[in-house]
Structures are given as C-alpha cells and as structure tokens.
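Sequence lines set the chain letters: A, B, ... in the order given, protein chains first and strands last, and positions in each chain run from 1.
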There are 2 protein chains.
Amino acid sequence: MNTPEKSAHPIRVLIAEDQTMLRGALAALLNLEADITVVAEAINGREALKLAGATAPDVVVTDIEMPERSGLELAADLKHAESAARVIILTTFARPGYLRRALDAGARGYLLKERPVSELAEAIRRVHTGLRAIDPDLAADAWEADVDPLSDRERQILRLAGEGRTSSEIASDLHLSEGTVRNYLSEAITKLGAANRIDAARIARARGWL
Amino acid sequence: MNTPEKSAHPIRVLIAEDQTMLRGALAALLNLEADITVVAEAINGREALKLAGATAPDVVVTDIEMPERSGLELAADLKHAESAARVIILTTFARPGYLRRALDAGARGYLLKERPVSELAEAIRRVHTGLRAIDPDLAADAWEADVDPLSDRERQILRLAGEGRTSSEIASDLHLSEGTVRNYLSEAITKLGAANRIDAARIARARGWL
DNA sequence: CACACGGGATGACAATTGTCATCCCTCTTT
DNA sequence: AAAGAGGGATGACAATTGTCATCCCGTGTG
C-alpha cells in the first residue's frame, strides 16, 4: 500500500470517534487524499482536546456520543480555548436538537454517518476554506425545530427515570423529596406531550434533548 | 489511487452494514488487501440475502442491528438456504446473548467494532480457511453466560413496555386482557431481578435478549 | 381416562406514579 | 418595600403498575 505524495501544506485533521474500527478506517482513507493528513486520533472528547492543543489541527472531525466528554462539549471546549481548529460534527443522529447545539457551540460542519466518505473529505475542504458544511437534509428544518423546553432539573431527572430508577431512588440520589421528583416528571411529561415518564424519556432522546 | 494486483483467487466478500460511511470505508480498505475483494454491499439483511444468491461470496461480514432483517436473521437465512458463505458478525455490542444466537445461527466469526480493521481482514482469512474467529474477550464468558429466561410473549410485551406503551395499550395491540399483560410483565420483572418494567427492558436489552 | 402443563383471564390489594392546588423560601427587579 | 419568579416541598386523590392466588380450557401423555 503506497501513500501518495502530500501537497506542501495538507489540511491537518484530528479525528475523535470512540469506535475503533470506524476511526481507523476513516483515518486511513482520509490519509489517502493528497491534500489531507490525519495528525491525531482521539477516542473521546477529553483526549481530543488535549491532542488538539499538542497538534494544532486545522479541522477536527468528531462524533457526538462518546464517553468522558461528548463531541458537542468538545466543540464548546475548543471555542472556549480559542483554538483555531474548525469543527465538523459527524454523527448517526439527525436530531434537530443536536444540530442546534452543535452550531451554538461553534461547529462549522454537521454531517451524518449515513453519507459516503467522499462527502466527509469534501466537507473538510469546505470547512477549511471557511465555509460551512451542513447536511442538506437537516439544514432545512433545523431552525424551525422547536427548542428544548426542559429545565436542567427536568432533563436530569428524566434521564434517570429513563434508566428505570424509581421516583424515590432519584429523590435520594439528588437530595430532593420524592414529591418534588414526581412534580418535575409530571411537568416534563406535559411539556413533551408524553403518556408517561418512559414515553417522555423516549421523546426527549429522539429530539436530542437528553 | 491505484489498486494493487489481486491474487488469482481472492476471497470474495459481501458486506452488510446499514451505516453508509462505515460500509464504504470498510469496503474500500478491504479492497486494498491483495487477497480480498468485496463483491457486494448491502444495507440490510434482506438485501444481503438477495445479493449473496447473486454473487456467491466466500465470506459475509454483517452488522447485527439493521432495518428490515438483522444480521442474526441473515445468518440463519443463509444457513437455511444452504449457502456456502461463511458468516462473520461485526457489531458494537459485546452481548453474550448475541454471540450465543450468532453461533446458533451458524456464524463462524464474531468481531467487535471496537477492534482495528486489520483484525477484520485477519478474521476473514481465518474464517475462509474454515477456522473460527471469535473475539477473545467474549469467547471466554460466552458459554457460561445465562440463557434468555424470557418466553416469547414476555419478550414481546417487554419490548413494547420499554417503548413507553401503557399496559392497556399493549393489551389491545396484542388482543390480550390488561391483567394478562401485567402478569407477563410481572413475570419478566422477577425473572430479570429488575425493579420495574423499565429496568427490566434495560436489562434485557443489555444482554441482547430483546 | 386421569393428570399435568402452558396460555390466558379474574379479582383483589398494595405500591408507585401522575396531577394539582398551595405554600415556603430566596433572589431579582422595580 | 412590594411584586414576581424560580426551586423545592406538602398533601390529597386518581390512575397505573406490580404481585398473587386462583381459575378456565385446550393439548399432550402415560
């Protein structure tokens, strides 16, 4: 297997993705592109931030759902650290809530894993020149998508409820009274138009609010 | 980009995986191997079965969770069709239940997406020569893993309950009385040692029983 | 034929969950 | 100082959920 010559100043890319096989495959394929070079690979957001500091990539391609620190948090971290790296979110999920959060966190690209690798390379080039690269399917309904109506507490409690914890368990976990937990849950259920806590958790997850 | 010479009789591989980016990346990388050629790509189990008939692959690499027809069902279908293709399951999930079902369905390999692509190529070669390729982490506790204790009805009802449907909804969906639904759910909860239906659904999912 | 067995149904009871109106504190804002 | 607003707590009540003992009915099976 021979590597083609790199151009004088290839685009320096960092990949953050927790699934080894996909991460390795993407790195290998992107490295075959003449104008792209993968300078680092991270398995979660925390590691990615560290490596970004050390390798000064031009573009960071990151998954969202990773242990330790998510891709959305990574985007925010990089922005906060005033890194020059442009961020492209690469995810399975076409959740409007995710896209919105990604853009708020300063991401310049949002691409689905449903698309071929060639589009990723294309997105990297676009973003490197300062343009945006938003998946067309999502770009449309992103802004008309409704905003997460949940408060922090509601979200937090709903997350636990969705894992099967009972009201009283959640209450003692969070040092709240059981009644209060039920109140928050009830609020969340009405806000989401759900039938019960499980349904509410499902809806929130599907929209990328959890 | 130049493709290396293929050997006279390369291993013919079919890939079934619903996520386009991973599917494309794997196909591209495997094609770079001198002794492997990807003869077809499918986005679900149904399509894979059809393509397997048309292309007579030596090895089928398949994901488990796909729409239409899962990788486990595909393995069973191929066995039933007396296909000569050897099946390698490639999945994110280290669920003992999945491995067991895979082996029962006649799969010769079980590999996690947590491993590098090189291991996939290696597994393909092993399986092609008639050997097995089971992820070492799983091989150990696979057989001592407990068997799915749920009956079909219990599983079916638990699945619906896990999606947030109420007992009465499930009852009318399945033409059962509400009390009966509660009975099954209660059974499932005890069998799994869960705290409630949500917890039970979570546990069953985690073990690959749902 | 008698008997066990599995799928399904009932009825009853306790615990958990969902809903509401109200109330109590702290902060802000005016 | 008065008026809101947000986070949290209570209490009460209805609906849903979880648990059990029992029962009915068709299928095997000895």
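The shortest distance between side-chain heavy atoms of A/Gln156 and A/Leu174 falls below 4.5 Å.
The distance from atom CD of B/Glu73 to atom CG of B/Leu49, rounded to the nearest 0.5 Å, is 11.0 Å. Separating the CD1 atom in A/Ile36 from the CG atom in A/Leu29 is a distance of 11.0 Å, to the nearest 0.5 Å.
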The test is side chain to side chain contact (heavy atoms under 4.5 Å, CB included); show your working for A/Val87 and A/Leu74 and say whether it passes.
CA-CA 9 Å; A/Val87 175; A/Leu74 171 60; 6.0 Å; no
Salt bridge (Lys or Arg N to Asp or Glu O under 4.0 Å) assessment of A/Glu47 paired with A/Arg69
CA-CA 9 Å; A/Glu47 197 178 304; A/Arg69 201 135 184 82; over 6 Å; no
Should B/Arg207 and B/Asp148 be marked as a salt bridge (Lys or Arg N to Asp or Glu O under 4.0 Å) after you check the CA-CA gap, both sets of side-chain angles, and the distance that decides it?
CA-CA 8 Å; B/Arg207 310 244 176 112; B/Asp148 182 352; over 6 Å; no
Show your reasoning for whether salt bridge (Lys or Arg N to Asp or Glu O under 4.0 Å) applies to B/Arg125 and B/Glu122.
CA-CA 5 Å; B/Arg125 294 190 187 96; B/Glu122 211 35 67; 3.3 Å; yes
Quick one: do A/Asp58 and A/Arg86 satisfy salt bridge (Lys or Arg N to Asp or Glu O under 4.0 Å)? Show the steps, please.
CA-CA 6 Å; A/Asp58 297 315; A/Arg86 311 268 163 83; over 6 Å; no
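For the pair A/Arg101 and A/Tyr98, the NZ or CZ position fails the cation-pi test of under 6.0 Å to the six-membered ring centre and within 45 degrees of the ring normal.
Taking 4.0 Å as the cutoff to heavy atoms of chain A, we find the contact window on DNA chain D bounded by D/dG7 to D/dA12.
For the contact set between residues 179-196 of chain B and DNA chain C, defined by any heavy atom under 4.0 Å, the members are B/Gly179, B/Thr180, B/Arg182, B/Asn183, B/Tyr184. Proximity of residues 159-176 of chain A to DNA chain C (heavy atom under 4.0 angstrom from any strand atom) is restricted to A/Thr166, A/Ser167.
Side-chain contact, A/Ser167 with A/Arg197: a donor N or O sits under 3.5 Å from an acceptor N or O.
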